[in-house]
Amino acid sequence: MIIDCHGHYTTSPRQHEAWRGEQIEAHKAGKPLPPRPPITDDEIRQSIDGGQLKVQRERGTDLTIFSPRAAGMGHHLGDATISEAWASACNELIHRVCSLFPKNFIGVAMLPQSARVSPKNCIAEIDRCVNEYGFVGVNLNPDPSGGHWQDPPLGDRYWYPVYEKMVEYDIPAMIHVSMSCNPTHHTTGAHYLNGDTAGFNQLMNSSVFKDFPAIKFIIPHGGGAVPYHWGRYRGLAQDAKLGLLSELMLNNVFFDTCVYHLPGQELLAKVVPIDNILFASEMIGAVRGIDPETGHHYDDTKRYIDQLPLSAADKAKIFEGNARRVYGRLSAIIEKQFAR
Ligand SMILES: [Zn+2]
């Protein structure tokens, strides 16, 4: 089985995102929030059939670990109540996709975060998504301010209520920022990669893994700048007397393969142990074009993995085995959803 651990519902029915716009407008105007629009099963089917499902089939992947549109989380908009209503609507929609296509999608939750609001307010949504929806992970935004970095670093006890839940449920968090509202940081060109790199570095300089030995994080987009600068982080860990970086991080931190060219994948597989790499493409996502050098979509990342000089056993780890290990509930949910 080929499991893509990083996909977002970027093709959701139009009224869903339209409602978000109305919700924010109503909040700004101090008016009551508009009711959620009806979305039919057929509208959901259409949005998936011609979108992510079509691409899965074309590229030969089987299952996508699926979460709400990341840039659309917009944790900097409105307030905590607005974020709660929006996260609830987005997660419910993911649950409906997984119910309509149980063999192709398994859910991951967005959290109702807000800048400078304790992540304690995310606990009820995590409970709901795991217990009622069968979700297997969460996306944790290290910067709910949208590019201004107003919350404490991920090593701060501020985040521990979420970490306690992650360990309790055996669910990993993907460290994933949302839209940038800071014009100096382009959302997908800079802010995402900054978030990945900063998140890794914040965890490295913390005692999170001493306090939560079983916790697991996925750094998306190939780990941002981290694998390329692995020597820098090894040296920084050494200078700070943190011990060996591999021993410090690699029981708890994993990297996905959302790297959109072969040389980048070669570097990732050379620097990071195979046991710490999870297949992902983030389709249909940030980069949708075709690479004129290869004639294939940039985000068709399976092609790059296929070309790596690795054994079949190692490729099976990247494509399936590691995901089943990192997402502790995944195998049980696969069994449950496939039996439907
Ligand atoms: Zn993403």
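Note that ligands are numbered from 1 as they come in the structure, with each ligand's atoms numbered from 1 the same way.
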Would you call Glu266 and Lys270 a salt bridge, taking side-chain N to carboxylate O under 4.0 Å as the test?
-> no
Kindly confirm whether the Zn ion (ligand 1) is within less than 2.8 Å of some N/O/S atom in His8?
-> yes
Pair Asp4-Ser281, side-chain donor/acceptor within less than 3.5 Å = yes
Between Phe212, Phe254, Tyr163, Phe200, which is the residue that forms a ring-ring contact (aromatic ring centres under 6.0 Å, His included) with Phe217?
-> Tyr163
Using 2.8 Å as a strict upper limit, say whether an N, O or S atom of His221 approaches the Zn ion (ligand 1) that closely.
-> no
The Zn ion (ligand 1) -> Glu282, closest N, O or S atom is OE2
Would you list the pairs meeting side-chain hydrogen bond (donor to acceptor under 3.5 Å, both in side chains) in which at least one residue belongs to residues 150-159, sequence neighbours left out?
-> Arg116-Gln150, Asp151-Tyr158
Atom nearest to the Zn ion (ligand 1) - His6, N, O or S atoms considered = NE2
